[in-house]
2 protein chains.
Amino acid sequence: MTDKSPAAGKPIRTAITSEDGIDFAIIELFFFAYRDFTSDPDQILADYGFGRAHHRVLHFVNRRPGLTVAELLDVLKITKQSLARVLKQLIDTDHVVQLQGPRDRRQRELYPTAKGRALALALARPQSRRIRAALEDSGAAERTLVERFLEAMVNPELRAQIDVGSAKMSGKSHGEH
Amino acid sequence: MTDKSPAAGKPIRTAITSEDGIDFAIIELFFFAYRDFTSDPDQILADYGFGRAHHRVLHFVNRRPGLTVAELLDVLKITKQSLARVLKQLIDTDHVVQLQGPRDRRQRELYPTAKGRALALALARPQSRRIRAALEDSGAAERTLVERFLEAMVNPELRAQIDVGSAKMSGKSHGEH
DNA sequence: GAGATTATGTCAGTACTATTGACGTAATTT
DNA sequence: AAATTACGTCAATAGTACTGACATAATCTC
């Protein structure tokens, strides 16, 4: 078991380096940072029997109250079937409510309840604390730089989803009624 | 179905804001950035019938040739059982080989083969390209700042895992220490 | 050398998140 | 009337993860 199989390749004993122009340092840091970034809310979610999927839904329903199921699918980049169970659980536990769309009654607009808003905040709190701590070491200018870097990491054609920056989710309000 | 259940809470129609001191902007950017960051290699992995777990194993075996199974488990923060299938597949497909540990013959040192090295590079290439593009917009100083920010996002007690790699990595990035 | 510990491997069962495909219903559009 | 859209649901499957239990071989300890 330990030894190589008949036609196995020879072991390479030297570590991969940046020689090929690959930025392994940041690739790896990104992995570690995200791993720990998500571990905070994971702890809380476990108490509710929820997972990361619930968190994402809850987050966006709070960020964009009134978004439709289709819009949510588009933001999360998952399928309807994947969303179904998660959304149903959030509705059953009274974290999210559905309202019939005003102009198109086929649509279901999703809104957080007070309970859902509170949970979203509780989940975001440790993440925000971690971010603040990470930014604190450096100057205030870094905040803007980090924001810009992260935004530049997103596929250009998908940046529209991020109404970010102003923290005012104005772009999505369905005009006047 | 559309209407609220008997005792359902009222919908909150206002978007959650940073009023509570929560940094939703970066929280959300981090989610989007990581989603797209991992989507590049996912495409390639699909051709091999591999998933993200294979990528992570392959990455660290290439970064730290000769690490043991236990060390790998510690870095990935997963269980032995989760690693088993993934590692076996990588060995069966001749991307990774195991060698008996020289000082402790119970240990299995993991090394990439030429094939495994090539795949690791192929997977890292689009990610590195994305990072370079994201950094290019700004000054050269940003690279260090982004590195520092991401490192600060990692749990302090786990930062030792990173330094191993980045020490070998950077020709000049960690000037001050 | 006997016994405990360690490193690894494996089996069984389960959970969560995700997928594709198919079908149904109600509402809107053409 | 027919097609399309928005949503819901069912069935089947996959990938990744978990806990717990058990086996084996090697090393360490007494």
Side-chain angles (χ1 to χ4, degrees), chain A residues 1-3 31 34-35 38-39 41-59 61 66-92 96-110 174, chain B residues 1-3 5 31 34-35 38-39 41-43 45-58 61 66-92 96-110:
Chain A
M1 302 287 184
T2 295
D3 287 319
F31 164 71
Y34 196 75
R35 183 192 64 179
T38 52
S39 71
D42 281 355
Q43 306 264 320
I44 301 169
L45 288 160
D47 298 336
Y48 292 78
F50 290 163
R52 229 172 260 182
H54 299 85
H55 185 187
R56 292 198 286 265
V57 170
L58 204 50
H59 172 90
V61 168
L67 52 35
T68 65
V69 171
E71 287 167 347
L72 185 54
L73 291 175
D74 193 51
V75 169
L76 297 178
K77 290 266 170 295
I78 60 172
T79 60
K80 191 173 32 163
Q81 293 76 6
S82 296
L83 175 63
R85 181 186 55 91
V86 169
L87 183 55
K88 189 175 186 337
Q89 282 177 280
L90 286 171
I91 290 170
D92 289 348
V96 173
V97 289
Q98 288 181 320
L99 296 185
Q100 211 172 47
R103 51 192 191 297
D104 186 335
R105 296 188 312 185
R106 289 172 305 180
Q107 294 184 331
R108 308 280 185 262
E109 294 187 342
L110 304 173
H174 311 303
Chain B
M1 294 290 187
T2 296
D3 287 319
S5 306
F31 164 72
Y34 196 75
R35 183 193 63 179
T38 52
S39 72
D42 281 354
Q43 306 264 319
L45 289 160
D47 299 336
Y48 292 77
F50 290 164
R52 230 170 259 182
H54 299 84
H55 185 187
R56 292 197 286 264
V57 171
L58 204 50
V61 167
L67 51 36
T68 65
V69 171
E71 285 167 347
L72 186 52
L73 290 176
D74 193 51
V75 169
L76 297 179
K77 291 266 170 295
I78 61 173
T79 60
K80 194 174 27 163
Q81 295 75 6
S82 297
L83 176 63
R85 180 187 55 92
V86 169
L87 183 55
K88 190 175 185 337
Q89 283 178 281
L90 287 171
I91 290 169
D92 289 347
V96 172
V97 289
Q98 289 180 318
L99 296 186
Q100 212 171 49
R103 46 191 194 293
D104 186 336
R105 295 188 313 184
R106 290 172 304 178
Q107 293 184 330
R108 308 279 184 265
E109 294 187 342
L110 304 173

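Computed from a predicted structure; not experimentally measured. Quick note on labels: first sequence line is chain A, next is B, and so on, each numbered from 1.
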Worksheet entry | Sorted by number, the residues of residues 69-78 of chain B with heavy-atom contact under 4.0 Å to DNA chain C |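 Close to the strand are B:Val69, B:Ala70.
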Worksheet item: Near DNA chain C, which residues from residues 46-54 of chain A have a heavy atom under 4.0 Å away?
Response: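 Going residue by residue through residues 46-54 of chain A, the ones with a heavy atom under 4.0 Å of DNA chain C turn out to be A:Gly51, A:Arg52, A:Ala53, A:His54.
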Discussion item. What is the distance, to the nearest angstrom, from the CG atom on B:Leu83 to the P atom on D:dC18?
Written reply: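 In whole Å, D:dC18 P and B:Leu83 CG are 10 Å from each other.
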Fill in: Summary of salt bridge (charged side-chain N to carboxylate O under 4.0 Å, His left out) pairs that have at least one residue in residues 45-56 of chain B, sequence neighbours excluded
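Residue pairs with at least one partner in residues 45-56 of chain B: B:Asp42-B:Arg52.
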Item to complete: Report the distance from atom CG of B:Leu58 to atom P of D:dT16, rounded to the nearest whole Å.
Response: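 Nearest whole value for this atom pair: 13 Å.
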Item to complete: Identify which one of B:Val97, B:Thr68, B:Leu72, B:Val57 satisfies the side chain to side chain contact (heavy atoms under 4.5 Å, CB included) criterion when paired with B:Leu110.
Response: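 Checked B:Val97, B:Thr68, B:Leu72, B:Val57 against B:Leu110; only one passes side chain to side chain contact (heavy atoms under 4.5 Å, CB included): B:Leu72.
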Worksheet item: Listed by chain and number, what are the side-chain contact (heavy atoms from CB on, under 4.5 Å) partners of B:Arg85, not counting sequence neighbours?
Response: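 Per chain and number, B:Arg85 pairs via side-chain contact (heavy atoms from CB on, under 4.5 Å) with B:His54, B:Gln89.
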Worksheet item: Residues in side-chain contact (heavy atoms from CB on, under 4.5 Å) with A:Lys77, at least two apart?
Response: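 Partners of A:Lys77 by the side-chain contact (heavy atoms from CB on, under 4.5 Å) criterion, ordered by chain and then number, come out as A:Asp74, A:Leu158, A:Gln161, B:Arg35.
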Worksheet item: Tell me: NZ of B:Lys88 to P of C:dT8, nearest whole Å?
Response: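 Checked: the NZ to P distance equals 17 Å.
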Item to complete: Take atom CG of A:Leu87 and atom P of D:dA6, then tell me their distance rounded to the nearest Å.
Response: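 These atoms are roughly 17 Å apart.
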Practice prompt. Applying side chain to side chain donor-acceptor pair (under 3.5 Å), name anything that partners B:Lys80, two or more places apart in sequence or on another chain.
Written response: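 B:Lys80 satisfies side chain to side chain donor-acceptor pair (under 3.5 Å) with no residue once adjacent residues are dropped.
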Heteroatom pairs (N/O) under 3.5 angstrom, protein to nucleotides 11-13 of chain C:
none

Discussion item. Output the rounded distance in Å from CG (A:Leu45) to C1' (C:dA15).
Written reply: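 About 15 Å, once rounded to whole Å.
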Worksheet entry | Rounded distance (Å) that lies between atom P of C:dC16 and atom CZ of A:Arg56 |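 Result: 15 Å.
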Discussion item. Taking side chain to side chain donor-acceptor pair (under 3.5 Å) as the definition, give me every residue that meets it alongside A:Thr79, ordered by chain and number, with sequence neighbours left out.
Written reply: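 In terms of side chain to side chain donor-acceptor pair (under 3.5 Å), with neighbours along the sequence ignored, A:Thr79 is linked to A:Ser82.
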Response to the item:
Expected string for nucleotides 23-30 of chain C under the B/S/- scheme (protein heavy atoms, under 4.0 Å, primed atoms plus P, OP1, OP2 as sugar-phosphate) is ---BBS--
Worksheet item: Rounded to the nearest Å, what distance is computed from the CD atom of residue A:Gln98 to the P atom of nucleotide D:dA6?
Response: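 Answer to the nearest Å: 16 Å.
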Discussion item. Run the ring-ring contact (aromatic ring centres under 6.0 Å, His included) test against A:His55 and tell me which residues pass, sequence neighbours left out.
Written reply: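 So A:His55 forms no ring-ring contact (aromatic ring centres under 6.0 Å, His included) with any residue.
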Worksheet item: Could you give the distance from CG (A:Leu73) to CG (A:Leu83), rounded to the nearest 0.5 Å?
Response: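 It is 5.0 Å, given to the nearest 0.5 Å.
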Worksheet item: Does A:Thr79 put a side-chain nitrogen or oxygen below 4.0 Å from OP1 or OP2 of C:dA18?
Response: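 No, outside the criterion.
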Practice prompt. Only counting residues at least two apart or in another chain, list the ones meeting salt bridge (charged side-chain N to carboxylate O under 4.0 Å, His left out) with B:Glu71.
Written response: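 In terms of salt bridge (charged side-chain N to carboxylate O under 4.0 Å, His left out), with neighbours along the sequence ignored, B:Glu71 is linked to no residue.
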Worksheet item: Within this structure, what is the CZ-to-P distance between B:Arg85 and D:dA14, rounded to whole angstrom?
Response: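 It works out to 11 Å between those atoms.
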